[in-house]
Amino acid sequence: MKKIAVMTSGGDAPGMNAAIRAVVRRGISLGMEVFGIYQGYAGLIEGKIKRMDAGSVGDIIQRGGTMLQTSRCEEFRTDEGQWKAIKQLQQHEIEGLVVIGGDGSFRGAQQLAKKGFPTIGIPGTIDNDIPGTEVTIGFDTAVNTVIEAIDKIRDTATSHERTYVVEVMGRHRGDIALWAGLAGGAESILIPEVDYELEDVMKRLADGHKRGKKHSIIIVSEGVCPASSIGEAIKNTTGFDTRVTVLGHVQRGGSPSASDRMLGSRLGAAAVDMLGEGEAGKMVGMQNNRVVAIEFDEVFNGTLPVDLYVYELSKSLSI
Ligand code: ADP
Ligand code: F6P
């Protein structure tokens, strides 16, 4: 394979730039020409394609977001949109494509592979919600961002003896809440994968209060319900001075952590190697700290069990 392309799609995630850099530079070092597709599948359909040299990805490894930009594109969901995309790639004589994104982006990449155009996926999403890989690019940075926010909230919560309900991202997945909740010392963590009783949450709050806790922090994953409704219920039932903070898109930005830079670099290089070896229709991911390749179908049919050990641990450490 002599000409390949790289693009980012769906929600951006810190560490995507490290992956783009790795694809471009690994490709060049293997003697390939590498092209960047701007603005995801929408840009691909419109032919926003530029050749990239080694210097074009300089000074990006430390930056959040994606220098190629990203999008969500309805037209690409259709056969017609996908054929338009393939036509654009063929006009540039591009023979293989690396798609950095989440589940939806991989479904698009699989459609291209089924139509005969070789694609490889790299999991990039802060949600850590892709079966077949233990971790996705951006998750570690997002967790660190949330912890930093919790630490700050804790300062003001202690000063005023308040209860804080903090809503974090994750769409349908509770990993950001779970990891940041445990590492941030939250009193309760509510995630969509585990049923909860608000009464239990309040009891834990009241017990802590009796023992002299000066503040309490409850982390709610966005997939559970709006944090405001939990905050309202706590305030009305316990009478505790309660505030609600929704962290929002701040969790998607910022300089990627060392782990995310490593992950992006390793997966980016592996994706190019795979295309070079004639592989397609697969995602590269991490299992037992080793890079593995998994068929897209296996990714889509895979399950993502919640780490109940971490969930129980968080409960027993936050008494
Ligand atoms: P993510 O990749 O982060 O899960 P989305 O679910 O928004 O993000 O998907 C990104 C884009 O991938 C969509 O806007 C669409 O263009 C494309 N896509 C998603 N699902 C499909 C599908 N089933 N078939 C073809 N393309 C898809
Ligand atoms: O998938 C990443 C994510 O940030 C989710 O955590 C969140 O639910 C969603 O994207 C937000 O999407 P948007 O950027 O469209 O607001």
Side-chain angles (χ1 to χ4, degrees), residues 6-16 19 37-46 48 64-66 68-86 88 97-115 117 119-133 135-143 145-146 149 166-180 191-193 219-227 246-254 260 281 283 285 296-297 299-302 304:
V6 57
M7 59 178 276
T8 47
S9 168
D12 64 333
M16 280 184 163
I37 292 162
Y38 288 75
Q39 297 170 359
Y41 289 127
L44 176 55
I45 287 173
E46 289 168 30
K48 293 185 175 164
T66 157
L68 290 176
Q69 298 188 292
T70 183
S71 67
R72 293 197 167 100
C73 172
E74 281 310 306
E75 188 182 358
F76 188 77
R77 291 174 184 272
T78 64
D79 269 342
E80 203 194 345
Q82 290 156 18
W83 282 117
K84 274 192 197 170
I86 290 177
Q88 290 288 359
L97 173 65
V98 177
V99 177
I100 308 167
D103 176 272
S105 304
F106 293 166
R107 286 180 193 273
Q110 188 189 44
Q111 290 308 317
L112 295 182
K114 281 186 173 165
K115 288 180 169 60
F117 194 90
T119 53
I120 296 287
I122 297 181
T125 164
I126 63 166
D127 296 351
N128 205 30
D129 62 348
I130 310 283
T133 184
V135 67
T136 58
I137 295 171
F139 173 64
D140 184 68
T141 306
V143 168
T145 300
V146 174
V166 181
E167 182 181 308
V168 302
M169 278 186 165
R171 210 176 289 200
H172 311 297
R173 181 77 177 156
D175 274 15
I176 295 178
L178 196 49
W179 261 248
I191 55 175
E193 296 91 339
I219 306 292
V220 181
S221 183
E222 66 174 335
V224 173
C225 69
V246 179
L247 293 183
H249 289 80
V250 73
Q251 294 161 96
R252 284 238 298 257
D260 278 325
M283 173 190 86
F296 280 139
D297 271 336
V299 175
F300 303 143
N301 296 326
L304 264 180

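These values consider heavy atoms only, across backbone and side chains, with no hydrogens, waters or symmetry-generated copies. In listed order, ligands and their atoms are each counted from 1.
If you check which protein heavy atom lies closest to atom 26 (N) of ligand 1, you get G108 CA, 3.4 Å. In this structure, the protein non-hydrogen atom closest to atom 11 (C) of ligand 1 is S9 OG, 3.7 Å. Of the protein's non-hydrogen atoms, R77 NH1, 3.2 Å is the one closest to atom 20 (N) of ligand 1. Shortest contact from atom 2 (O) of ligand 1 to any protein heavy atom: S105 OG, 2.5 Å.
The heavy-atom pair separating C73 from I45 by the smallest distance is SG-CD1, 4.0 Å. Between M169 and S221, the shortest heavy-atom distance links the atoms O-OG, 4.1 Å. Between A19 and I100 the shortest heavy-atom distance is CB-CD1, 3.8 Å.
Put simply, the side chain of Q88 does not reach to within 4.5 Å of the side chain of K48, judged on heavy atoms. Within the 4.5 Å cutoff, side-chain heavy atoms of I126 are placed close to those of P14. Inter-residue side-chain proximity for Y41 and V99 is flagged as met; some heavy-atom pair is nearer than 4.5 Å.
Between S71 and ligand 1, no pair of N/O atoms sits closer than 3.5 Å. Between R72 and ligand 1, an N or O atom pair is found at a separation short of 3.5 Å.
Checking side-chain atoms of T8 against main-chain N and O of T66 turns up no donor-acceptor pair under 3.5 Å. Between the side chain of Q82 and the main chain of F76, a donor-acceptor pair closer than 3.5 Å is present. Not one N or O on the side chain of Q110 forms a donor-acceptor pair closer than 3.5 Å with the backbone of F296.
One option in G10, A85, A42, C73 has a heavy atom closer to atom 13 (C) of ligand 1 than any other, and that option is C73.
Near Q82, with a cut-off below 4.0 Å to any heavy atom, the atoms of ligand 1 are 25 (C). If you number the atoms of ligand 1 from 1 as listed, the ones under 4.0 Å from a heavy atom of R107 come out as 21 (C), 22 (C), 23 (N). Residue contact check: G11 has heavy atoms under 4.0 Å from atoms 3 (O) of ligand 1. For ligand 1, the atoms closer than 4.0 angstrom to any heavy atom of G104 are 1 (P), 2 (O), 4 (O), 6 (O), 9 (O), 12 (O), 17 (C), 18 (N), 19 (C), 20 (N), 21 (C), 27 (C). The contact set between ligand 1 and G102, taken as ligand atoms under 4.0 Å from a residue heavy atom, comprises 1 (P), 2 (O), 3 (O), 4 (O). Proximity to Y41 (heavy-atom distance under 4.0 Å) selects the following atoms of ligand 1: 12 (O), 16 (O), 17 (C).
Counted by atom type alone, D260 and T141 present one or more donor-acceptor pairs between their side chains at under 3.5 Å. Side-chain polar atoms of Q111 and D79 form no donor-acceptor pair below 3.5 angstrom.
The closest approach between E74 and ligand 1 stays at or above 4.0 Å for every heavy atom of the residue. Assignment of D103 to the shell around ligand 1 is supported, since a heavy atom sits closer than 4.0 Å.
For the atom pair CD1 of I86 and CG of L97, the computed distance is 10.0 Å after rounding to the nearest 0.5 Å. Between the CE atom in M7 and the CG atom in L68 there is a gap of 9.0 Å [rounded to 0.5 Å].
Near ligand 2, heavy-atom contacts under 4.0 Å come from R72, T125, I126, D127, M169, G170, R171, E222, H249, R252.
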